[in-house]
Amino acid sequence: MVAVVAVSLLSTKKLNRRFGGITAVRDVDLSLEQGEIRGIIGPNGAGKTSLVNLLSGRLAPDSGQIVFQGIDITGQPAWKRARLGIAYAFQITSIYPGLTVFENVAIGAQMRIQQSSKSRPLPDQKRSLEEIVGSCLRLTGLDWSRTQLAVELAYGHQRLLEIAINLAVDPVLFILDEPTQGLSVDEIEEFTDLLKRIRSNRTIILIEHNLPFVMNLADRVTVMDQGGILAENDPKGIQMDARVKTTYLGE
Amino acid sequence: MDNSRKRSLTLHIGVLAFLFLLPFVLPDYHQLTITRIMILAIFALGYNVLFGYAGLLSLGHAMFFACGLYAAGLPIYHLGWAVPSAFLFAIAVSALAAALIGAIALRTQGVAFMIVTLMFSQVVYLTTLYFSDTTGGDEGLVLPGHARSFEILGMQVDLTSPQVRYYIALGLLSASALIVYRWVNGGLGREWVAVRENESRTRMLGYNTFLIKLKAMVISGTLSGSAGAAYGLLFAYIGSTFATIQYSIDVLLFTLLGGVGTVLGPILGSFIMFYLIDFFSEHTTAYLLATGVALILLIMYFPLGVLGTLRKKWLPWLP
């Protein structure tokens, strides 16, 4: 077990969470490598969002263990996990609607600066709040909107803004819960490019219903069904898997 | 960015300079009134830190005002303390009370938070009545003669002089306004606004939102308490009326009227509201009706208050 902890960025052991009589997450053993993009797919109610809520700390598990970068974070509150570098983009866009785009991203950047004195120093070119916000807005293509109120942005841009806010804290593990939901085909294409640009040394979890999108981006795909892990493989292997075909891909 | 900051700083200093020059042209009666208003404006400034910036609606802020009032007045009355040490003591006690009550009340949210703060405030009010042997209860206590003047840095300060009281109140108001201005325009202000606008998003970015709210509570309670202490010391009277819910509602009204989440709003709101009530009470005994009608009109037509509306329409640089 010690060996597993040493090579993986994040691992869970026998993770369980019930809601009343329903087991949302059942005995999940998940292990993520540093730098991979992991797709998590599965039918509605399979436990995908519950699982990442357990990882990010929005939910507490009934039993099991979560280890991130060698630290047992099972009992830690969400904000402490975020400080360790776990970022979360909500399924339902969660931004600061009443603030300007700049202020939205500045809230993330301020956390990054507060955290920088410790083990993760800031790169030289990103010393100030202004610089961090600027680079995140350029990366997400929102630079033109910095003085606009977030509430006035189009839906697709609001989703990008949430990505920008999270990028400002420079996360180690970035969890995206259905990022392409509600986006147009063109926007999904741009989004794919964006993820390729921001992945560099980051680990990303993608929860998705849009299979072509996941299969295109992910290094490995985990298929969930009824709270448990049904299969885990590279995208090709998943598409060939007979069990996955019957329960999820519907063939 | 920089330009707007300069403009807003100029405006704030302008307002304070205007208040500085006012007594030269004002008759005594209005000088006294404005002294009162300025102290209440400190109360409103403190209230606004919690309500306007951190987004927490407290219905019990009279407890902090009363806490400062009694913590300053009682040691003077019973133990013969000097004015400056009583004032500092009151600030410390208010900060402690705000931290303790905050640690409990902040476990709740929204309506529950309103009710819990209201409840704590009633506890404070009833406590002042219960111990009326010490506190003077409803009738209150008039502070003794030795509390009407004090010496500081070799200077004798006479608290019976209207001018002296006016400038002490103005000094305290300026200091409070500048402190609040600095805080809300800095990192802490950004954290408060982030919690107000979207707490779960803020938590998921790594902020300890409970601690952020507790800081707002402590700063807010301390400012409110120092306003209470100043009120008691300047006018040499402490009484349990200041702990009643009416003071909690008044400060909410001042803030709403002037503009939630602006530094000058609560100051402006205190002035308008105080003179409005003053005006109505000359003509009718139902002056509380004015308060009620003002509240309803505000919420229906100007939910952002005077300065909030101005900021939205014409002056986006207003802090």
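Chain naming here is simple, since letters A, B, ... match the order of the sequence lines and numbering starts at 1 in each.
Residues from residues 155-163 of chain A that place a non-hydrogen atom less than 4.5 Å from a non-hydrogen atom of chain B comprise Glu162(A), given in numerical order. Using non-hydrogen atoms only and a strict 4.5 Å limit, no part of residues 140-148 of chain A faces chain B.
With chain B as the partner, the residue from Asn104(A), Leu99(A), Ile86(A) showing the most heavy-atom pairs under 4.5 Å is Leu99(A).
Contact record, Arg190(B) with Ala106(A): NE-CB, 3.7 Å, taken as the closest heavy-atom pair. For the pair Ala82(A) and Leu205(B), the tightest heavy-atom approach, listed with the atom from each and the gap, is CB-C, 3.7 Å.
A distance of 6.5 Å separates CG of Asn208(B) from CZ of Arg83(A), quoted to the nearest 0.5 Å. Between the CD1 atom of Ile95(A) and the CZ atom of Arg201(B) there is a distance of 10.0 Å, given to the nearest 0.5 Å. Interatomic distance, CE of Met204(B) versus CD1 of Ile175(A), reported as 7.0 Å (0.5 Å rounding). How far OG1 of Thr202(B) is from CH2 of Trp79(A): 14.0 Å, rounded to the nearest 0.5 Å.
Neither the backbone nor the side chain of Ala168(A) comes within contact range of chain B, judged by heavy atoms closer than 4.5 Å. Using a 4.5 Å cut-off between heavy atoms, Thr209(B) makes no contact with chain A at all. Residue Ile165(A) touches chain B through both its backbone and its side chain, counting heavy-atom pairs closer than 4.5 Å.
Within 6.0 Å of the CD atom in Glu152(A), the count of heavy atoms belonging to other residues, nucleotides or ligands exceeds 12. Leu100(B) CG: more than 12 foreign heavy atoms inside a 6.0 Å radius.
Not one N or O on the side chain of Asn198(B) forms a donor-acceptor pair closer than 3.5 Å with the backbone of Tyr96(A).
Annotation: side chain of Gln114(A) is in contact with side chain of Glu191(B) (closest heavy-atom distance under 4.5 Å).
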